[in-house]
Amino acid sequence: MTISIPFAILLMAGKVDLSVGSMVGLSGVVAGLSFPNLGIIGTVVLVLAVGLAIGLLNGFLVGVLSMSPIIVTLGALTLMRGLAQWLSPSPLFDFPEAFTFIGYGRLFGLPILTLIMLTILALGLFVMTRTPLGRHTVAIGVNERAAYLVGIRVKLTVMLLYGAVGMSAALAGLMTIARINSAPSGTLGVGVELSVLTAVLLGGVPFAGGRGSLLRVALGVWLLGMLSNGLILMNVPTTASLMITGFVLVLPNPHRRDH
């Protein structure tokens, strides 16, 4: 959910970021290496800054240089995964207890991770319903050229959206390693981009952008999580689970073309 909300907003603008899984992995490795020298606060700030910087770079390449979002973010996916494995060929363990408390602790009766996720959802809803950025995002997804002609700063908006996705993926990486108390560079975040994209599409955001509802995206994330958890409890084999998830995405077909 933490990644899916800003990812959905980006997709509403007709752009996509396939590098979020590798960003999760890289942020976990950077955090694990930084804790001994920077402490918890310094590490969190560094990781979020790295996520923001990489997101803005992706946004610059896509929004300013007009490169293909798929090509740019696939390249970033491979580059960041390789960088994570180069920085830490072996898994990192034993993070500060005050940090791992975020992964299992509770506040006001709710898991801290849930509160972080709800905060991201609330911020996303505020941006899309109460700020010009939300309206500009949808306008870019409907017709990027027309949005530019009416005065919307398309390039800056795209960069900001990619920056938000990069920072959210970095935050999700921190949340993940806090929960599992480990940062395996080879597997951390693998497949996250597909899970996020599936949840967002299931929530009704078309791949071409131009419309969508964050509440429906949240429902899509919840449905996908419930489906995955239910299949595990029923001891359904992994191969069958993947096929069932694919059918759930395709059969309702919310993106059917209207003729």
Side-chain angles (χ1 to χ4, degrees), residues 1-7 10 15-62 67-104 113 116-117 120 159 161-200 238:
M1 184 79 80
T2 300
I3 304 175
S4 294
I5 295 304
F7 189 101
L10 177 66
K15 311 298 181 183
V16 68
D17 189 344
L18 301 178
S19 66
V20 291
S22 292
M23 187 69 245
V24 170
L26 178 61
S27 63
V29 169
V30 171
L33 294 173
S34 302
F35 280 127
N37 298 317
L38 299 181
I40 296 176
I41 296 178
T43 295
V44 170
V45 171
L46 173 64
V47 170
L48 294 180
V50 169
L52 175 62
I54 293 176
L56 290 175
L57 177 60
N58 286 338
F60 176 81
L61 295 175
V62 173
M67 296 178 65
S68 167
I70 293 179
I71 292 176
V72 168
T73 56
L74 276 177
L77 180 152
T78 306
L79 188 152
M80 286 190 288
R81 181 63 60 186
L83 179 59
Q85 294 181 356
W86 178 73
L87 289 174
S88 177
S90 302
L92 300 168
F93 299 95
D94 297 328
F95 304 137
E97 186 176 352
F99 174 76
T100 57
F101 176 76
I102 298 173
Y104 63 83
L113 296 182
I116 295 174
M117 175 269 292
I120 298 297
M159 285 187 64
L161 295 178
Y162 270 100
V165 172
M167 185 177 288
S168 71
L171 176 60
L174 290 170
M175 295 164 67
T176 302
I177 65 171
R179 185 173 181 84
I180 65 176
N181 196 21
S182 174
S185 59
T187 58
L188 183 63
V190 170
V192 166
E193 60 280 339
L194 295 180
S195 298
V196 169
L197 183 58
T198 299
V200 171
T238 303

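Just so you know, these numbers use all the heavy atoms, side chains as well, and skip hydrogens, waters and symmetry mates. Since this is a predicted model, take the numbers as computed values, not measurements.
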Euclidean distance, [Y] [atom2] relative to [X] [atom1], rounded to 0.5 Å:
X      : Y     : atom1 : atom2 : value
Thr43  : Leu48 : OG1   : CG    : 10.5 Å
Thr100 : Ile40 : OG1   : CD1   : 8.0 Å
Ile54  : Thr73 : CD1   : OG1   : 13.0 Å
Phe7   : Leu18 : CZ    : CG    : 6.0 Å
Met175 : Thr2  : CE    : OG1   : 3.5 Å
Lys15  : Ser68 : NZ    : OG    : 9.0 Å

Inset, instruction - Over all heavy atoms of both residues, which pair between Gly28 and Leu188 is shortest? Give the atoms and the distance, please. - result: CA-CD2, 3.9 Å
Inset, instruction - Specify the closest pair of heavy atoms between Ser88 and Val29, including all atoms of both residues, with the distance to one decimal. - result: CB-CG1, 3.7 Å
Legend entry - Non-hydrogen side-chain atoms of Ile116 and Ile102 separated by less than 4.5 Å: yes
Inset, instruction - Apply the side-chain contact (heavy atoms from CB on, under 4.5 Å) test between Val16 and each candidate in Val62, Val72, Ile70; give the one that qualifies. - result: Ile70
Inset, instruction - Go through Ile3 and Val24 one step at a time and tell me if the side chain to side chain contact (heavy atoms under 4.5 Å, CB included) criterion holds. - result: CA-CA 10 Å; Ile3 304 175; Val24 170; 3.8 Å; yes
Is a side-chain N or O of [X] found less than 3.5 angstrom from the main chain of [Y], in a donor-acceptor match?
X      : Y      : value
Thr78  : Leu74  : yes
Asn181 : Phe95  : yes
Tyr162 : Leu52  : no
Arg81  : Ser185 : yes

Inset, instruction - Keeping to residues at least two apart or across chains, list the side chain to side chain donor-acceptor pair (under 3.5 Å) pairs with something in residues 18-37. - result: Asp17-Ser19
Inset, instruction - Output, in order, the C-alpha distance, side-chain angles, deciding distance and verdict of side chain to side chain contact (heavy atoms under 4.5 Å, CB included) for Val165 and Asn58. - result: CA-CA 10 Å; Val165 172; Asn58 286 338; over 6 Å; no
Legend entry - Leu87 atom CG, neighbour heavy-atom count above 12 within 6.0 Å: yes
Legend entry - Test side chain to side chain contact (heavy atoms under 4.5 Å, CB included) applied to Ile120 and Leu171, step by step: CA-CA 10 Å; Ile120 298 297; Leu171 176 60; 4.0 Å; yes
